[in-house]
Amino acid sequence: MNHTPARQREVFEYALLRVVPRVERGECVNAGVLLYSQAHSFLAARTHLDPQRLRALDPDVDLTGVQAALRAAERVCDGGSTAGQAAGDGPGRRFRWLVAPRSTVVQPGPVHSGLTADPAAELERLLATLVR
């Protein structure tokens with residue numbers, strides 16, 4: 001019988017990406033998840049924008065701008081030349097930059113942590129549970 005050893009469950013951190021179309025009102029729609037696991041050398045973002053939900057908060061929201069900001073977060077996670085100024089930074093530093101508080105239309109939520117053996121699957125689970 002061939003037994004493959006189970007992957008070790010390791011600490012990960014995640015934050016929601018929230019769209020706050022009218023910052024002064026503070027209302028938001030969850031539109032993505034950032035997930036970082038140092039032990040698994042993993043950093044990724046998955047996004048899903050529901051235009052109807054967003055327009056319920058602000059009928060005049062700039063959907064194109066919001067989608068561009070969400071794609072930019074994904075590119076920063078991916079690293080490399082598409083990450084802009086963060087291209088040379090390691091994944092931990094890029095995660096910390098992405099979760100730093102900001103007063104813009106796309107904002108990170110608080111950072112939470114957990115344990116996982118499969119960060120990519122955990123990212124999909126969080127997206128399905130908290131965003132979709």
Side-chain angles (χ1 to χ4, degrees):
M1 209 189 255
N2 185 5
H3 290 288
T4 15
R7 284 183 69 185
Q8 181 74 23
R9 287 173 38 123
E10 299 286 351
V11 172
F12 72 92
E13 299 173 87
Y14 75 94
L16 288 169
L17 287 175
R18 299 172 173 168
V19 180
V20 186
R22 295 179 57 196
V23 176
E24 68 279 5
R25 291 184 58 145
E27 299 166 327
C28 67
V29 171
N30 293 342
V33 181
L34 305 165
L35 190 142
Y36 171 59
S37 172
Q38 180 179 8
H40 291 289
S41 300
F42 183 89
L43 173 63
R46 291 277 287 124
T47 62
H48 172 80
L49 184 61
D50 183 335
Q52 265 187 303
R53 284 169 118 182
L54 196 51
R55 284 194 181 110
L57 297 181
D58 182 359
D60 299 321
V61 66
D62 176 8
L63 284 176
T64 303
V66 169
Q67 290 167 331
L70 292 171
R71 281 192 306 275
E74 290 173 335
R75 286 193 306 271
V76 169
C77 285
D78 292 343
S81 62
T82 64
Q85 290 182 321
D89 293 338
R93 187 173 171 121
R94 291 194 317 269
F95 179 75
R96 297 286 170 243
W97 181 79
L98 286 165
V99 298
R102 52 183 52 90
S103 182
T104 58
V105 172
V106 176
Q107 300 178 6
V111 175
H112 303 282
S113 61
L115 295 172
T116 188
D118 186 346
E122 188 66 31
L123 180 59
E124 293 300 325
R125 185 190 73 75
L126 290 169
L127 184 74
T129 303
L130 303 174
V131 177
R132 289 200 168 145

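When atom types are taken as modelled, the side chain of Gln107 and the backbone of Thr104 share a donor-acceptor pair closer than 3.5 angstrom. A donor-acceptor pair under 3.5 Å is formed between the side chain of Arg94 and the backbone N or O of Val76. The backbone N or O of Val11 lies less than 3.5 Å from a partner atom in the side chain of Ser37, making a donor-acceptor pair. A donor-acceptor pair is defined here as one N or O able to donate and one able to accept, closer than 3.5 Å; such a pair exists between the side chain of Asn30 and the backbone of Leu130.
Among residues at least two apart or in separate chains, ring-ring contact (aromatic ring centres under 6.0 Å, His included) pairs with a member in residues 89-116 are Tyr14-His112, Tyr36-Phe95. Every pair tested for ring-ring contact (aromatic ring centres under 6.0 Å, His included) that includes a residue from residues 54-79 fails, sequence neighbours excluded, so the list is empty.
Annotation: salt bridge (Lys or Arg N to Asp or Glu O under 4.0 Å) contacts of Arg53 (sequence neighbours excluded): none. Evaluation of the salt bridge (Lys or Arg N to Asp or Glu O under 4.0 Å) rule for Glu13 yields Arg96 as partners, not counting sequence neighbours. In this structure, Glu10 has no salt bridge (Lys or Arg N to Asp or Glu O under 4.0 Å) partners at least two apart in sequence or on a different chain. With sequence neighbours left out, the salt bridge (Lys or Arg N to Asp or Glu O under 4.0 Å) criterion links Arg102 to no other residue.
Cluster membership check: Leu34 shares its hydrophobic cluster with Leu70, using side-chain heavy-atom separations under 4.5 Å among Ile, Leu, Val, Met, Phe, Trp and Tyr. In the hydrophobic clustering of ILVMFWY residues, with side-chain heavy atoms under 4.5 Å counting as a link, Val29 and Leu16 come out apart. Linking Ile, Leu, Val, Met, Phe, Trp and Tyr residues whenever their side-chain heavy atoms come within less than 4.5 Å leaves Val33 and Leu54 in two separate clusters.
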Worked verdict on Val105 versus Val20 for side-chain contact (heavy atoms from CB on, under 4.5 Å): CA-CA 5 Å; Val105 172; Val20 186; 5.8 Å; no
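In terms of heavy atoms, Pro21 sits closest to Val61 at CB-CG2, 3.8 Å. The minimum heavy-atom distance linking Val19 with Ala31 is given by the pair CG2-CB, 3.6 Å. The two atoms that bring Ala117 and His40 nearest to each other are O-CE1, 3.6 Å, heavy atoms only.
Within the 4.5 Å cutoff, no side-chain heavy atoms of Arg22 are placed close to those of Leu57. Side-chain contact between Leu35 and Arg46 is absent, with no heavy-atom pair separated by less than 4.5 Å. Under the 4.5 Å side-chain criterion, counting only non-hydrogen atoms from C-beta, Leu98 is not in contact with Pro108. Looking at heavy atoms from C-beta onward, Phe42 lies out of side-chain contact with Thr116 at the 4.5 angstrom threshold.
Here the CG atom belonging to Leu49 is positioned 11.0 Å from the CG atom belonging to Leu17, to the nearest 0.5 angstrom. We find the CG-OG distance between Leu115 and Ser113 to be 7.5 Å, quoted to the nearest 0.5 Å. One finds the CG atom of Leu43 at 12.0 Å from the CD atom of Gln38 (value rounded to the nearest 0.5 Å).
The pair Arg71-Glu74 does not count as a salt bridge, with every side-chain nitrogen at least 4.0 angstrom from each carboxylate oxygen.
Within 6.0 Å of CD in Glu24 there are more than 12 heavy atoms belonging to other residues, nucleotides or ligands.
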